[in-house]
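These notes concern the structure reproduced below.
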Amino acid sequence: MEKYAHVIPYEVIETIEEVNEVPEGVVLIQAPKVWSETKGKGITVAILDTGCDQNHPDLQNQIIGGRNFTDDDQSNPSIYLDYNGHGTHVAGTIAALQNNVGVVGVAPEASLLIVKVLNKKGSGQYEWITNGINYAIEQKVDIISMSLGGPHDSPDLHDAIKKAVANNILVVCAAGNEGDGDDKTDEFAYPGYYNEVISVGSINNKRRSSNFTNSHNEIDVVAPGEAILSTYLNGKYAKLSGTSMATPHVSGALALIKNVANNRFERQLTEPELYSQLIKRTVPLGFSPKLEGNGLVYLTVLEHLADVFEREMEDLVLHAQ
């Protein structure tokens, strides 16, 4: 019997013809304050999802290629169009190009590899996802972003993720939307529950935990996931909610972090080292670790701590005098 995963259930709040703004979620994680140092250039993010609107004006220059592993378009591997909208929305949050119109993603100069593992119905066999991960490994991507999940543990899928991590690829997954707002009850979705992935929960723009976000002891971080504005089908835009929307904020953040950290250390950091760099850039929100993990991804927290430390040292010097 085939096992299937699906787009993490999400809600389309509204579709919009035209916009011109930096989405609130991108601002909330402090991405614009890092853009003077990097916008993600040279980092490739593989998006394992429903495909992508390759002609969207905010995305067309970011896409470097892709492959279809689903039964859409007679399983033609070279056609990875999005007939669902989910994958296009995720792509925009990661790397929508900074134009005079439209939206901008967290890492607007990162490259996108579109790996279609979910069909137009938003459903995909675990085998498709496993093959998609192996393809991303072959393409030597930096980050794999998966806003999908299913109820079943799959050894083959788990092994593929372990292989990706062993190849120093950061694997970011949605925690799932089966939550009940109670951290005392656990809800599981795979691959988001695997220890090797970076499991992402959702908060709203007021930094409150989303009622729908899954809770369990493998949550790593949270990011904005409610009424998230991003790219959508046919060159349009939409506001969607779900941990699916929180996940690409973290994938984009990691594109920025990888560039910043590698430049500062003057070497290529390993996957565990980059994970550590991510966790250093989180702020606890006061919820249970089963809901928020290490907290909200907040890209400028280290700079803030450095400023506080510098002021405290100045005070100590003045006091000593």
Side-chain angles (χ1 to χ4, degrees), residues 10 12-36 38-66 80-82 84-116 141-147 172 174 200 205 223-242 244-259 297 299:
Y10 64 100
V12 180
I13 307 298
E14 62 176 319
T15 56
I16 306 164
E17 291 284 339
E18 295 180 4
V19 298
N20 181 20
E21 64 182 88
V22 180
E24 288 183 65
V26 175
V27 175
L28 185 58
I29 67 168
Q30 303 292 294
K33 294 186 178 179
V34 184
W35 291 342
S36 60
T38 181
K39 293 182 179 178
K41 190 175 182 64
I43 302 296
T44 299
V45 183
I47 302 175
L48 275 65
D49 213 291
T50 60
C52 188
D53 179 356
Q54 297 159 242
N55 296 316
H56 198 293
D58 293 2
L59 297 172
Q60 57 187 359
N61 293 325
Q62 319 305 84
I63 298 170
I64 60 170
Y80 40 92
L81 295 173
D82 185 7
N84 179 283
H86 189 270
T88 299
H89 195 274
V90 166
T93 297
I94 295 174
L97 187 63
Q98 196 167 18
N99 288 319
N100 294 324
V101 295
V103 295
V104 58
V106 174
E109 291 182 2
S111 299
L112 300 177
L113 183 72
I114 307 303
V115 186
K116 183 170 178 174
V141 304
D142 298 279
I143 299 159
I144 292 174
S145 189
M146 290 191 280
S147 290
V172 188
V200 183
N205 288 332
E226 293 190 36
I228 300 302
L229 176 66
S230 187
T231 47
Y232 208 56
L233 297 180
N234 303 314
K236 296 180 182 179
Y237 304 88
K239 287 185 177 181
L240 274 59
S241 291
S244 281
M245 286 62 252
T247 301
H249 284 91
V250 178
S251 301
L254 283 165
L256 302 180
I257 289 169
K258 185 166 185 175
N259 269 352
V297 173
L299 289 166

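For reference, positions follow the sequence shown, starting with 1.
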Have a look at Val90 and tell me which of Thr231, Thr50, Ile47 forms a side chain to side chain contact (heavy atoms under 4.5 Å, CB included) with it.
->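 With Val90 as partner, side chain to side chain contact (heavy atoms under 4.5 Å, CB included) holds for just one option, Ile47.
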Given Val250, Thr44, Ile43, the one that forms side chain to side chain contact (heavy atoms under 4.5 Å, CB included) with Ile143 |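 Of the listed options, the one satisfying the test is Ile43.
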Scan side-chain atoms only and decide if His86 and Ser244 contain a donor-acceptor pair under the 3.5 Å cut-off.
->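 On atom types as modelled, these side chains qualify, holding a pair under 3.5 Å.
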Is the closest side-chain donor-acceptor distance between Thr88 and Asp82 under 3.5 Å?
->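 Distance-only check passes for Thr88 and Asp82.
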Over all atoms of both residues, closest heavy-atom pair of [X] and [Y]:
X	Y	answer
Val103	Asp58	N-OD2, 3.1 Å
Asn205	Glu24	ND2-OE1, 3.4 Å
Ile29	Val26	CG1-O, 3.5 Å
Gly85	Leu233	CA-CG, 3.6 Å
Leu299	Ala253	CD2-CB, 4.0 Å

Enclosure of Glu18 CD (heavy-atom neighbours >12, cutoff 6.0 Å) |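 Not buried by this count: 12 neighbours or fewer within 6.0 Å.
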Taking atom CD of Glu21 as the centre, does the number of heavy atoms from other residues, nucleotides or ligands within less than 6.0 Å exceed 12?
->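 Count over threshold, so yes.
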Derivation and outcome, side-chain contact (heavy atoms from CB on, under 4.5 Å), residues Lys258 and Asp142 | CA-CA 9 Å; Lys258 185 166 185 175; Asp142 298 279; 2.7 Å; yes
Starting from the C-alpha separation in whole Å, work towards a yes-or-no answer on side-chain contact (heavy atoms from CB on, under 4.5 Å) for Leu59 and Gln54.
-> CA-CA 7 Å; Leu59 297 172; Gln54 297 159 242; over 6 Å; no
For the pair [X] (side chain) and [Y] (backbone), establish whether a donor and an acceptor sit closer than 3.5 Å, ignoring hydrogens and angles.
X	Y	value
Asp53	Asn234	yes
His89	Ala238	yes
Ser147	Ala174	no
His56	Lys236	yes

side-chain contact (heavy atoms from CB on, under 4.5 Å) between Leu97 and Gln62, intermediate numbers included = CA-CA 7 Å; Leu97 187 63; Gln62 319 305 84; 3.6 Å; yes
Measure the spacing between OH of Tyr237 and CG of Asn20 and express it to the nearest 0.5 Å.
->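 The distance works out to 8.5 Å.
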Distance (rounded to the nearest 0.5 Å) between Ile144 CD1 and Leu254 CG =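 One finds 12.5 Å between CD1 of Ile144 and CG of Leu254.
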Passes side-chain contact (heavy atoms from CB on, under 4.5 Å), Leu256 versus Trp35? Steps please.
-> CA-CA 8 Å; Leu256 302 180; Trp35 291 342; 4.2 Å; yes
Any side chain to side chain donor-acceptor pair (under 3.5 Å) involving residues 245-257? Give me the pairs, sequence neighbours left out, ordered by first then second residue.
->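 Those involving residues 245-257 are Ser145-Ser251.
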Side-chain donor-acceptor distances from residues 105-113 under 3.5 Å, at least two apart:
none

